[in-house]
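Because the structure is predicted, anything quoted here is derived from the model rather than measured. Counting starts at 1 for both ligands and their atoms, following the listed order. Side chains included, hydrogens not; waters and symmetry mates left out as well; all remaining heavy atoms used.
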Amino acid sequence: MRRAFMAAVPIVSHFKCRAPNKYPGAPKTVARFPVPNDKISWDVDYSEYKPPSYTSQHVIGAPWADRDVESSDLCFKFNQVDGKVDRRSFMGSYRVVDGIARNPIGRTGICGRGLLGRWGPNHAADPIVTRWKRTASGEKILKEGKPVLQFVAIQRKDNGEWAIPGGMVDPGEDVSATLKREFGEEALSCLELSAEDQEKIKKFVYNLFEHGEKMYEGYVDDPRNTDNSWMETVAKNFHDETGDAFNRVNLRAGDDAASVSWIDVGHEMKLYASHCDFLSRVATLRKAYY
Ligand code: RP5
């Protein structure tokens, strides 16, 4: 019961997607319009609100992205499964204003799609692979009387921040497939290994990934979010209780990762988007130090 509750409680932090600095990757002139805490909600009047519109050139016309508003007849099926694209939100039904989806948490200070491909929710999956931190002789290391967890983290190439090795759910893809694929691509660098080694690693990861526990599903406070496009994720914990399984696997950064490493879980961590919140839930579940 407790686990289901943890997965269902939404994380509604909405800070990183309102940060007053310029939008990631955008020209210097594109800055978020200020959104004070008491003006986040769309239901609160904010007549001065004039957010700039920005959609990255990398997104416009990309095969993995939606068509742009100007070049389309705006027939996206919001709040539904639209062909292979799931436009439903974990946060419930979101509003569609003038034919465009509206961020369910509130204002972000910028409209358009920014760096995101989809109008509305952009679905991701976050595999949180954990083990206990141990001494050389195998004893669990304690901090403030509680055992310390470690998780597999990657350093993102786009901004240098450390993060869970998550990624986007491909159209029509099952989330559990995304969890395995992204972990393989970002933390194990399967893409660069021989077919035989890839097979071995895949087998191992697939076994571990049979028994994940859902920690969260919902909105992510991602710095790329806009008033019309936002990140949502399913975060699952895959815990290697004995530590034996991962002793046989070398972590290798691949794809979008600059580095990969086991990182100690605790309140001292500084991670991308809402990832600290997900790890804090894992620490609660495993009765670990945080
Ligand atoms: C975050 O962006 C999600 O939690 C996930 O970790 C990540 C997916 O985006 P990419 O890493 O594919 O850019 O919001």
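- For ligand 1, the atoms closer than 4.0 angstrom to any heavy atom of Asp222 are 1 (C), 2 (O), 14 (O).
- Relative to the six-membered ring of Tyr46, Arg107 misses at least one condition, a distance below 6.0 Å or an angle of at most 45° to the axis.
- Using modelled atom types, no side-chain atom of Asn228 and backbone atom of Arg113 make a donor-acceptor pair closer than 3.5 Å.
- The shell of residues lying under 4.0 angstrom from ligand 1, judged by heavy atoms, includes Gly167.
- Between Asn225 and Tyr219 the shortest side-chain heavy-atom distance falls below 4.5 Å.
- Listed by atom number, the atoms of ligand 1 under 4.0 Å from Met231 heavy atoms are 2 (O), 8 (C), 14 (O).
- Checked against a 3.5 angstrom limit, the closest N/O atoms of His275 and ligand 1 fall inside it.
- Taking any N or O of Arg224, backbone or side chain, at least one lies under 3.5 Å from an N or O belonging to ligand 1.
- Salt bridge annotation for Arg286-Glu213: present, with a cationic side-chain nitrogen under 4.0 angstrom from a carboxylate oxygen.
- When only non-hydrogen protein atoms are considered, atom 11 (O) of ligand 1 lies nearest to Arg156 NH1, 2.8 Å.
- Side chain of Asp222 to main chain of Cys17: no donor-acceptor pair is present (N/O by atom type, distance under 3.5 Å, no hydrogens or angles).
- Below 30°, between 30° and 60°, or above 60°: for Phe209 and Phe238 the angle between ring planes is below 30°, a parallel geometry.
- Listed by atom number, the atoms of ligand 1 under 4.0 Å from Asp126 heavy atoms are 3 (C), 4 (O), 5 (C), 6 (O).
- With a 6.0 Å cutoff to the six-membered ring centre and a 45° limit on the axis angle, Arg156 counts as a cation-pi contact of Tyr272.
- Within ligand 1, counting atoms from 1 as listed, the ones closer than 4.0 Å to a heavy atom of Gly166 are 6 (O), 11 (O).
- Ligand-side atoms of ligand 1 in range of Val220: 14 (O), range being under 4.0 angstrom from any heavy atom.
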